[in-house]
Q: 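Just passing along the structure, written as structure tokens.
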Amino acid sequence: MIVEMKNIRKQFDGQEILKDISFGVDSGEVVSIIGPSGSGKSTLLRCATFLETIDGGEILYMGKKAAHTDASGKTQYVSHKELREFRSYCGLVFQQFNLFPHYSVLKNLTDAPVEVQGRRRQDAEETAMELLRKMGIADKADAYPYQLSGGQQQRVAIARALAMRPEILFFDEPTSALDPELTGEVLRVIRQLAEEKMTMVVVTHEMAFARAVSSRVIFMDGGVIVEQGEPDEVFGNPRMERTKQFLRVFER
Amino acid sequence: MTLSTMLSTMAAGMLRTSLIFVLTLVGSLPLGMAVALLKKSRFAAVRGIVRVFISVMRGTPLMLQLLVWYFGPYYLFRWSIRGWRFPALILGFILNYAAYFAEIYRGGIESMPVGQYEAAEVLGYTRSQTFLRIILPQVIKRIMPSITNEVITLVKDTSLAFTLAYQEVFSLAKQISASQTSFMPFVIAGVFYFVANYLVAFAMERIEKMMDYYR
């Protein structure tokens, strides 16, 4: 297992967003998380990538504990320093890209590898160019984010995450901020990564994409996992009434 | 007094004015950043002190503050204030401008979208790396117009040094005008301030242009 989240609980202002959620991701898996807004999908990703702290449960990466709830019921995280190691296992692609606007595309991809991971600049640049070629935007290496379309920016963001060589890549609604005609180019890149057996968790509203690309689909609602399984099962023959109801909206 | 002696006397005053200007910026630009960061301190006491400092600095006239810094040591502690005139002047200017700059920095820092912090955090940047590499460069670009405003105000505020009878260009203009019963010194001073600000505006615009490569 690359990541394991056990009995995760999270609340904001007394409102429970995640209610005892458990899930794990194996190497090479592509997991799609679907569900209505407010179901806790994004919060789950943010907990997994340490942007939010959990109120209860356990997070493990590569079998190592990053956080757990102790006997007294308090949730303990590893030290700041150790947490940085855990952060290096996971990458996150945001809905809003969050590229660094003052850095060129190339610098967006090389700055963290050089400054955080201490890689040699030349190596980092080679890796970056390779990734940009893969994303089909090698000609944009010297451009600045504002000069790119949304789809191109998101592909840069994916490349930036990959440049850190994470074990697992999380996507938080990667196409939700894009015009419909630009979602295709981003989904194509994710599909290509799936074919290369990159371990990924994708929160998405793109049902056709989730069905075609994932090895497993998780349907979340109200802070719990309602149903999960192979995409053809969940989409073709959902067992839970709530899942059927949710999917029906997308069929129209 | 001939025009040329008038000019050369006042040129010395301009030099002193420039000295106040440069020293104030050199001191208050970094100090303002320190004040802005302390205002977000973990410790409530530190935040409280900073808040009082800023509101006093902004809430009282700079002229009054200069008088307090200069005469305060004598009236409070009966210390000799010989040689204290120029240090008091610079101290007063630096502290006052640091308060204004701190508020500009704070506004700039708070205007940064949270996504920038989150992206940096996920990539493993430390807090200081995040601030110095990701946040600060963007903040500087954002606050440049406000900084320009403040710097132009400073050029004119240097004339408040006359309160402590420091012989900068405005003090000299008043003295020479009175002794020579001439309007000329004021014209010269006016031209000086105008040209100085023209240069400041020009320089600041160049700096803003340098940061125009991204949006």
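Chain A is the first sequence line, chain B the second, and so forth, proteins listed ahead of strands; every chain is numbered from 1.
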Q: Could you tell me which portion of A/Arg160 (side chain, backbone, both or neither) has an atom closer than 4.5 angstrom to a non-hydrogen atom of chain B?
A: both
Q: Does OH in B/Tyr198 sit with more than 12 non-hydrogen atoms of other residues, nucleotides or ligands closer than 6.0 Å?
A: no
Q: Among B/Lys141, B/Met211, B/Glu118, who wins on heavy-atom pairs under 4.5 Å with chain A?
A: B/Glu118
Q: Rounded to the nearest 0.5 Å, what separation is found between the CD atom of B/Gln138 and the CZ atom of A/Phe100?
A: 8.5 Å
Q: When only pairs under 4.5 Å are counted, which of A/Pro101, A/Ala112, A/Pro145 shares the most heavy-atom pairs with chain B?
A: A/Pro101
Q: Keeping the roles fixed (side chain from A/His102, backbone from B/Arg133), state whether a donor-acceptor pair exists under 3.5 Å.
A: yes
Q: Which atoms form the tightest heavy-atom contact between B/Tyr125 and A/Asp111, and what is the distance?
A: OH-OD2, 2.6 Å
Q: If you count every heavy atom of other residues, nucleotides or ligands that lies below 6.0 Å from A/Arg121 atom CZ, does the total exceed 12?
A: no
Q: Quick one: CG on A/Asn98 to CD on B/Glu121, what's the gap to the nearest 0.5 Å?
A: 12.0 Å
Q: So, do B/Thr126 and A/Arg84 sit near enough that their side-chain heavy atoms are less than 4.5 Å apart?
A: yes
Q: Under 6.0 Å from the OH atom of A/Tyr146, do we count more than 12 heavy atoms belonging to anything else shown?
A: yes
Q: What part of A/Phe97 is in contact with chain B, defined as an atom under 4.5 angstrom from a non-hydrogen atom: side chain, backbone, both or neither?
A: neither
Q: If I measure from the heavy atoms of chain B, does A/Lys107 come under 4.5 Å with its side chain, its backbone, both, or neither?
A: side chain
Q: So which residue, A/Thr49, A/Leu83, A/Leu51, A/Leu92, ends up with the most heavy-atom pairs under 4.5 Å with chain B?
A: A/Leu51
Q: Does A/Phe94 reach the side chain of B/Val122, with side-chain heavy atoms less than 4.5 Å apart?
A: yes
Q: Should the heavy atoms of other residues, nucleotides or ligands under 6.0 Å from CD of A/Glu126 be counted, would the total exceed 12?
A: yes
Q: For A/Asp139, is the CG atom crowded, meaning more than 12 foreign heavy atoms sit under 6.0 Å from it?
A: yes
Q: Return yes if some donor-acceptor pair links the side-chain N/O of B/Gln129 with the main-chain N/O of A/Glu115 below 3.5 Å, else return no.
A: yes
Q: Is it true that, when you exclude A/Glu196 itself, more than 12 heavy atoms of the residues, nucleotides or ligands shown sit nearer than 6.0 Å to its CD?
A: yes
Q: Give a yes or no on this: more than 12 heavy atoms of other residues, nucleotides or ligands lie within 6.0 Å of atom OH of B/Tyr213.
A: yes
Q: Considering residues, nucleotides and ligands other than B/Glu110, do more than 12 of their heavy atoms fall under 6.0 Å from its CD?
A: yes
Q: Heavy-atom distances under 4.5 Å only: say whether A/Leu99 touches chain B with side chain, backbone, both or neither.
A: backbone
